[in-house]
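What you see is a predicted model, and the numbers here were worked out from it, not measured in a lab. What you see below is based on every heavy atom in this structure, not just the backbone, and it leaves out hydrogens, waters and symmetry mates. Below, chain A is the first sequence line, B the second, and so on; all start at residue 1.
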Amino acid sequence: MTESARSVSEEQRRYNPAEIEPRWQARWDADDRLYAAEGHDSGKPKFYCLEMLPYPSGQLHMGHVRNYAIGDALARFMWMRGYNVLHPMGWDAFGLPAENAALKNNTPPREWTLGNIAAMRKQMQRMGLSYDWATEVTTCLPDYYRWNQWFFVKMYEKGLAYRKKSKVNWCPECQTVLANEQVIDGKCWRHEDTIVEQRDLTQWFLRITKYADELLSELVKLDGWPEKVRTMQRNWIGRSDGTLVDFAVEGGAEKITVFTTRVDTIFGATSVQLAPEHAVAKSFAATDAVLAGQIDEMLAQQKAAREAGDLGAIEKHGVNTGCFAVNPYNGEKVPIWVANYILADYGTGAIMSVPAHDERDFEFAQKYGLAVRRVIVPKAGTEEPLPFTGEDDAVLADSGQWTGKSCVDAQHEMATFAAEHGFGSATVTYRLKDWGVSRQRYWGTPIPMVYCERGHAGVEPGGVVALPESALPVVLPAQVEITQQGGSPLGRVPDFVNTTCPVCGGSALRETDTMDTFVDSSWYFYRYTDAKDAAAPFDSDKANYWFPIDQYIGGVEHAILHLIYSRFWTKVMRDLGLIRNDEPAARLFTQGMVIKDGAKMSKSKGNVVSPDLMIERYGADATRMYALFAAPPDRDLEWQEDGVAGISRFLGRVYRLTLKYGVMPAAGSETDAAAEAALLRTLHQTIAKITEDFSGRWHFNTCIAAIMILVNEIAAAEPLMEAGKISSTVTAEVFRNLTLMLAPFAPFLAAELWEVTGGKGAVFRVAWPVANAELAREAEVEIPVQSNGKLVTVIKVPVGSDQATIQAAALADAKVASRIEGKTVAKVIVVPGKLVNIVVK
RNA sequence: GCCCGGAUGGUGAAAUCGGCAGACACAGCGGACUUAAAAUCCGCAGACCUUAACCGGUCGUGGGGGUUCAAGUCCCCCUCCGGGCACCA
């Protein structure tokens, strides 16, 4: 470096991200190995860092920016820590918006989607995100979705995919069926104002309930997941342990099976309540026109309430059928009612009503004057008002041979008794329902099934035939007219629909529904490990090396959609022998929302801030760094443009100082050893803080604050550096490590400064600095001195001073002396290194 | 109704184990530089009382109580905000 390099003009020292960032971006884009992961044999520990893949809407929003800024900082940090990092990105590219866009602008969905992907990929590159684009996954392309079809067939063969007619959720806006997980408060997850209708349709389902128990029990092992997400999944799965009990219908061959979690209260049952849809209710109605009318009225009322979006508003009511059921435990006859609050699709659609020990039953019994019979009493013998629902420290009364038993013991014994006498059994009920995956839409994965028209051995006419692997992929036809008329668009493409049966060669019709797009995102992260595989969804050895994902980062809105489906898919793949891991991700992080003026950014509120605009004004580094600085990552972040400007100013300071003193420091004869030690002390304290934070708390806001403190201190030492009082060894160490610490947060600037200060190679592959505890150590520590808990003064003592020394120093202080003068010192509390509190009277 | 979060200056926030509340920023105010402005740099800054000023004092982490030498942090009760589940038997 020559003297001329030192005399760079002020103008050249001005931080100009608009010049620096595109220059580096071009260099990075040209190097397709820059962010590539290494193989199993790299000798390094692996780290799979993953952010949830976006829907290619065509525009990154601030939520994406925040999500990717977090993941990118982590990936770069782990590279610098010597890990073999997999950091991929892809596109959740099927879905309804492409069809809507097609309707609106007459652009084919594929063209629209691929155009959006290209635009968003460019935005991501502009952000400086460290993705390995060689492993990019695009779910709407046949080389990906063919494996959706392959999995579907495998699941069909295993009985995990099946077709049935049932009540399903229909969104009139989407013109398709939705899964239960996609219905929120009776409304569509994509159309918050659209009430979901119930329709009877034949649909394909995936048997997620087969894994309900494992999905639930393994939640306790996911200690790297937020408790909130685990709780939400636990609630969603909704396991309920209970007993099935058969009540014989008096004077008929029918029986009513009820589900109860409190079989111990069954001697207090004074009626049986049926859902209006219940088969026994229907059979009574067949011979009772009045009852039939009342049941129809209930169903009509439910339908109306659902359409009004307010199911909770229906008042509970019921009708007495006039028939009786027999309680198998005591032979007692109880009336059978039909009630509008009994859910047909939970448990068995029938309950026993025990008014004395259930709040709802009590309320219902009061309304209709049904008998209330107490059969549970507190162990303590105290009189509890009814309804008494407690089961701990309570025992049975007037309950035959179980009288005096504890509730919990009785529940087990009575279930066993039922099983022994053939009228019931212990059982488990889940709220979770099988995953309905059929969609009456075009832009999705075709379901790889045909219906053989004539039928053949084992398949009746019109029966289901799964396509063999050789017939895959079933490619989505390109020329499809998208209209708003009902039914699957593929059904209007004769070339697609009409095919031949792969078994008998006769004519066959294709399934015209496509798969829920949540299928695509249920296993995409496995594909990243082997994105170009044409013979399999992925190579098992590769997946077993990389899985589980070490850190998954995304929004909490997927807590029960994507995150439960992908856990299910992982378990299915494990049982197919493709992978060894039971769970997809060891650690999950859900970042907070980005808000503006106190509200979530949305077009309708007009408070959307465009990342492009921020990058244009302040650069990608400042935009990303602000997203990490303004709040800890798990909290909501209020976007304030002035804050971005502040970060930009800060980066400008770093740039100016580094160019001035980091490139070629001024030479001087006498150095200031104390000032040098102080600089190095702050430097090493900063390294220690950031290193520790990355491995645990992820409070990047305080990491960046720590870097600011270091830079403020460097700036304060500017006169000393100018005068040559800080040796070049020290400035070199300070600026080198400052640059390395900036690399995860502001990669463009770090790359630039690394190069201009003579660093070799990519700054992201340089070893992360190691804090030197000796250099970081403070010589003295400030100890606040309190009197009765109120601050009096602050004294300085050498680090490591013992209690006696600190106490002596505190009592020797003039301010302290005047404060305690004339008072009695009752006690002196000394916490070494922390504080002194003198208790006086 | 049940289950999770959260509430700290004008604003975003910090205080990781019970030990100086408000680090670091933003906005603001004052100053330097400049013909001027921008940019940059330096300084002030929780509220209230007192003072000419310094000094000094009181209050202060949603509200009320408690434990403790000491509470934003622990315990009890309550309010408000956000999220999840909910005629689930």
Side-chain angles (χ1 to χ4, degrees), chain A residues 10 14 184-185 226-240 242-243 258-263 265 273 275 311-316 339-343 345-354 358-361 363-364 429-431 556-557 559-560 592-593 595 598 600 626 629-632 634-647 649-650 652-653 656 689 692-693 696-697 699 701-709 711-712 715-716 718 782-794 826-831 833-840:
Chain A
E10 286 299 327
R14 231 175 126 117
I184 294 153
D185 285 337
E227 189 51 49
K228 180 189 165 100
V229 172
R230 293 196 279 169
T231 304
M232 282 166 72
Q233 292 210 355
R234 204 171 286 125
N235 288 343
W236 187 260
I237 295 166
R239 178 184 165 120
S240 182
T243 310
V258 304
F259 172 70
T260 177
T261 56
R262 291 296 305 275
V263 70
T265 66
Q273 305 279 343
L311 265 177
I314 309 181
E315 201 192 330
K316 287 182 194 50
N340 66 343
Y341 68 94
I342 307 299
L343 302 174
D345 59 358
Y346 183 79
T348 58
I351 65 155
M352 62 176 194
S353 179
V354 184
D358 181 276
E359 277 173 34
R360 206 181 35 230
D361 292 348
E363 187 193 324
F364 194 84
T429 293
Y430 295 95
R431 215 189 73 96
V556 75
E557 65 273 15
I560 38 186
M593 284 189 306
I595 57 179
K600 189 178 178 178
Y626 174 76
F629 177 67
D634 51 339
R635 266 210 245 177
D636 285 353
L637 181 154
E638 168 78 31
W639 195 269
Q640 294 185 28
E641 188 170 337
D642 286 331
V644 190
I647 296 288
R649 279 199 293 275
F650 165 73
R653 257 195 314 279
R656 185 185 69 82
K689 181 186 167 37
E692 191 194 323
D693 226 316
R697 288 206 319 163
H699 278 200
N701 52 333
T702 56
C703 288
I704 293 167
I707 297 176
M708 287 173 171
I709 290 170
V711 171
N712 288 347
E718 194 172 355
E782 290 192 337
I783 306 271
V785 182
Q786 300 176 333
S787 170
N788 291 359
K790 302 221 178 216
L791 185 68
V792 177
T793 188
V794 177
K827 201 175 181 185
V828 179
I829 288 143
V830 179
V831 186
K834 294 272 183 180
L835 109 171
V836 177
N837 190 9
I838 302 162
V839 185
V840 295

Discussion item. By nearest atom, which of the nucleotides B/C4, B/U40, B/A89 is closest to the A/Lys228 side chain?
Written reply: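 So the nucleotide nearest the side chain must be B/C4.
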Practice prompt. Look at the side chain of A/Tyr346 and decide which nucleotide, out of B/C59, B/A23, B/C88, has an atom nearest to it.
Written response: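 Looking only at side-chain atoms, A/Tyr346 lies closest to B/C88.
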Worksheet item: What's the base orientation of B/G30: syn (chi within 90° of 0) or anti?
Response: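 Anti conformation for B/G30.
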Atom pairs under 3.5 Å, N or O on each side, protein against nucleotides 14-21 of chain B: can you list them with distances?
unit_1	atom_1	unit_2	atom_2	d
B/A14	OP1	A/Asn701	ND2	2.8
B/A14	OP2	A/Arg635	NH2	2.9
B/A15	OP1	A/Arg697	NH1	3.2
B/A15	OP1	A/Arg697	NH2	2.7
B/U16	O4'	A/Arg697	NH1	3.3
B/U16	O4	A/Lys689	NZ	3.2

Worksheet item: Tell me: CG of A/Asn712 to C1' of B/C42, nearest whole Å?
Response: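 From A/Asn712 CG to B/C42 C1': 13 Å.
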Discussion item. I'd like the C1' distance from B/C4 over to B/G9, given in whole Å.
Written reply: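 Per the computed distance, 29 Å lies between those C1' atoms.
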Worksheet item: In chain order, what residues pass the salt bridge (charged side-chain N to carboxylate O under 4.0 Å, His left out) check against A/Arg360, with sequence neighbours excluded?
Response: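 In terms of salt bridge (charged side-chain N to carboxylate O under 4.0 Å, His left out), with neighbours along the sequence ignored, A/Arg360 is linked to no residue.
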Practice prompt. Can you sort out the partners of A/Glu782 under salt bridge (charged side-chain N to carboxylate O under 4.0 Å, His left out), two or more places apart, ordered by chain and number?
Written response: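 Per chain and number, A/Glu782 pairs via salt bridge (charged side-chain N to carboxylate O under 4.0 Å, His left out) with no residue.
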How is [X] classified with respect to the nucleic acid when contacts are heavy atoms under 4.0 Å: base, sugar-phosphate, or nothing?
| X | value |
| --- | --- |
| A/Ile707 | nothing |
| A/Phe650 | nothing |
| A/Arg649 | sugar-phosphate |
| A/Gly238 | nothing |

Discussion item. In this structure, which stretches of RNA chain B are paired as stems of three or more consecutive Watson-Crick or G-U pairs, both distances less than 3.5 Å?
Written reply: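 B:1-7 with B:79-85, B:10-12 with B:24-26, B:28-32 with B:40-44, B:46-49 with B:56-59, B:62-66 with B:74-78 - these are the stems of 3 or more pairs that involve RNA chain B.
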Item to complete: Assess whether side chain to side chain contact (heavy atoms under 4.5 Å, CB included) is satisfied between A/Arg656 and A/Glu718, documenting all intermediate values.
Response: CA-CA 11 Å; A/Arg656 185 185 69 82; A/Glu718 194 172 355; 3.1 Å; yes
Worksheet item: In terms of the nearest nucleotide of RNA chain B, which residue is placed more toward the 5' end: A/Ala645 or A/Thr260?
Response: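 Nearer the 5' end of the strand: A/Ala645.
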Practice prompt. Using ring pair (Phe, Tyr, Trp, His ring centres under 6.0 Å) as the criterion, list what pairs up with A/Phe629, not counting sequence neighbours.
Written response: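 With sequence neighbours excluded, A/Phe629 shows a ring pair (Phe, Tyr, Trp, His ring centres under 6.0 Å) to no residue whatsoever.
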Worksheet entry | Partner residues of A/Trp639 under the ring pair (Phe, Tyr, Trp, His ring centres under 6.0 Å) criterion, sequence neighbours left out |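 Scan of A/Trp639 (ring pair (Phe, Tyr, Trp, His ring centres under 6.0 Å), adjacent residues dropped) gives A/Tyr626.
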Worksheet item: Quick check: are there more than 12 heavy atoms from other residues, nucleotides or ligands sitting under 6.0 Å from CD of A/Glu359?
Response: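 No, because the 6.0 Å sphere around CD of A/Glu359 holds 12 heavy atoms or fewer from other groups.
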